[in-house]
Chemist: 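Please see the structure below; I have some questions.
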Protein chains: 2
Amino acid sequence: MERSFGDRQEFMTEDTPASMHFHVVSGGARLFKSLPDGRRQIIGFAHKGDVLPAYPCTHYDYSAEAMRTLRVACVPAPYLRHLHETSPGACAASLRTTRQLLVGFHNRLLMLGRQTARERLAAFLIGQGTRMGRGELWPVDPGISRADIADFLGLTTETVSRLLSAFHREKLISRERRAIHILDPDRLRAIVAHSE
Amino acid sequence: MERSFGDRQEFMTEDTPASMHFHVVSGGARLFKSLPDGRRQIIGFAHKGDVLPAYPCTHYDYSAEAMRTLRVACVPAPYLRHLHETSPGACAASLRTTRQLLVGFHNRLLMLGRQTARERLAAFLIGQGTRMGRGELWPVDPGISRADIADFLGLTTETVSRLLSAFHREKLISRERRAIHILDPDRLRAIVAHSE
DNA sequence: CGCCGGGTTGAGCCATTTCAATGTCTGTGG
DNA sequence: CCACAGACATTGAAATGGCTCAACCCGGCG
């Protein structure tokens with residue numbers, strides 16, 4: 001049973017009973033947590049093929065909203081649980097994807113805790129560019145706003161904007177529309193790792 | 001086959017082939033990642049009963065070292081993998097623990113990305129205090145130094161020290177030796193959630 | 001007793017935020 | 001086809017939270 005959501009529509013809410021899991025068919029989603037005073041942290045983005053949440057649970061522990069338009073296949077939570085209990089393959093597959101997630105989060109902990117704004121942005125650009133493991137050089141999804149980047153990196157939109165301008169001046173990226181193209185992945189990677 | 005490690009001994013190294021998993025029998029360990037220039041982020045702490053890493057993998061993605069003395073049972077990686085492939089229960093159990101870890105990391109992402117030093121320290125104290133789900137009020141493990149707290153929270157030891165002094169002045173905690181006792185969990189929780 | 005590895009405290013600094021203004025693109029209605 | 005509104009992005013100037021550097025303290029141990 002598929003459902004479709006419009007731009008910015010929140011379809012999963014933190015601390016709400018997890019009756020459904022959502023398998024992304026097309027479009028993208030932001031996954032985030034927020035503080036009572038409105039501060040927001042983007043946990044990640046979901047694309048085609050991703051399942052939210054990626055693991056069985058009774059309550060969602062983060063919220064999700066559509067970027068532009070989103071189509072998802074809804075999977076009842078009891079069905080997923082049942083699948084995990086009966087099919088060892090399904091369980092192993094989930095364990096593999098959660099392992100991937102954990103490794104990613106370890107890196108992001110390091111990034112948020114110990115890297116400078118410049119390093120974080122470079123890491124983000126590289127991460128987006130190599131998203132699908134493709135031959136480098138994907139532009140950043142134009143559905144991702146400066147505010148999204150800021151909330152992902154724990155910065156402000158102004159800082160992100162200033163740094164993007166700096167990267168542009170240094171010919172590391174080019175900007176057209178909202179899309180960002182990576183021009184010099186090697187130098188960006190050097191910024192991430194080495195603190196340049 | 002059990003092994004034992006001395007204070008500060010690193011027994012698991014990032015980017016090294018994961019031949020073994022370590023089941024903590026007694027003592028504690030710090031799990032961390034570091035940048036080439038020495039900046040360090042503590043990913044978490046391991047205690048009795050924890051398994052490192054908690055999921056099958058080919059390479060470790062973080063390092064671990066003993067706090068004081070540590071005893072672990074070493075589990076060969078192929079054995080764990082085999083166990084997961086044959087016993088659905090083992091796989092499901094791993095999935096449950098990785099789910100817990102993921103939820104914790106989501107919260108820490110929010111903490112590192114969007115909370116102030118004061119809020120982070122309060123969150124850390126509450127988290128340590130309620131570690132085992134016990135009736136509140138565990139003191140912070142004295143094996144955890146100010147540097148550890150700082151590296152866990154993405155702060156400096158000086159900031160941690162200053163904030164602990166502030167909390168002490170406000171009668172939220174008491175300090176004796178290196179151990180920290182929680183005096184007013186409710187007010188600490190208010191700091192975490194509300195930004196006070 | 002005196003050294004040594006934390007821990008605490010202070011003063012000044014700096015990266016990032018905050019506040020504020022201006023620019024740019026898009027869609028809309030006259 | 002143009003004027004205009006609104007949302008987002010950029011840029012600048014000023015404020016600030018947390019960091020750096022540096023001194024001092026304290027308890028344990030040779």
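In what follows, every heavy atom counts, from backbone to side chain, and hydrogens, waters and symmetry copies are set aside. Proteins get letters first, then strands, A, B, ... in listed order; numbering begins at 1 in each. Quick caveat: nothing in here was measured; it's all calculated off a predicted structure.
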Chemist: For the CZ atom on A:Arg175, are there more than 12 heavy atoms of other groups (residues, nucleotides or ligands in this structure) within a distance under 6.0 Å?
Modeler: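 Result for CZ/A:Arg175: enclosed.
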
Chemist: Does A:Ser161 reach a base, just sugar-phosphate, or nothing at all? Heavy atoms under 4.0 Å.
Modeler: base

Chemist: Over 60° means perpendicular and under 30° means parallel, so tell me whether B:Phe11 and B:Phe5 are parallel, tilted or perpendicular.
Modeler: parallel

Chemist: If you round to the nearest 0.5 Å, how far is CG of B:Leu52 from NE2 of B:His21?
Modeler: 10.0 Å

Chemist: Using the six-membered ring wherever Trp is involved, compare the ring planes of B:Phe45 and B:Phe152 and label them parallel, tilted or perpendicular (cut-offs 30° and 60°).
Modeler: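 If you compare the ring of B:Phe45 with that of B:Phe152, the planes turn out parallel.
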
Chemist: Taking protein heavy atoms under 4.0 Å as touching, what does nucleotides 18-24 of chain D look like 5' to 3' if B marks base contact, S marks sugar-phosphate-only contact and - marks none?
Modeler: SSBB---

Chemist: Within the structure shown, what part of the strands sits under 4.0 Å from B:Arg169 by heavy-atom distance: base, sugar-phosphate, or nothing?
Modeler: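 Touches nothing.
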
Chemist: Given A:His106, which partner from the list B:Phe105, B:Tyr60, B:Phe32 fulfils the ring-ring contact (aromatic ring centres under 6.0 Å, His included) test?
Modeler: B:Phe105

Chemist: Find the distance between CD1 (B:Ile191) and CG (B:Asp184) and round it off to the nearest 0.5 Å.
Modeler: 8.5 Å

Chemist: Are any of the side-chain nitrogens in A:Arg30 or A:Glu65 under 4.0 Å away from the carboxylate oxygens of its partner?
Modeler: yes

Chemist: For salt bridge (charged side-chain N to carboxylate O under 4.0 Å, His left out), just list the numbers for B:Lys33 and B:Asp15, CA-CA rounded to whole Å, side-chain angles, deciding distance to a tenth of an Å, and then say yes or no.
Modeler: CA-CA 10 Å; B:Lys33 285 177 78 85; B:Asp15 291 328; over 6 Å; no

Chemist: Going 5' to 3' along DNA chain C, which nucleotides are the first and last within contact of chain A (any atom under 4.0 Å from a heavy atom)?
Modeler: C:dT16 to C:dT26

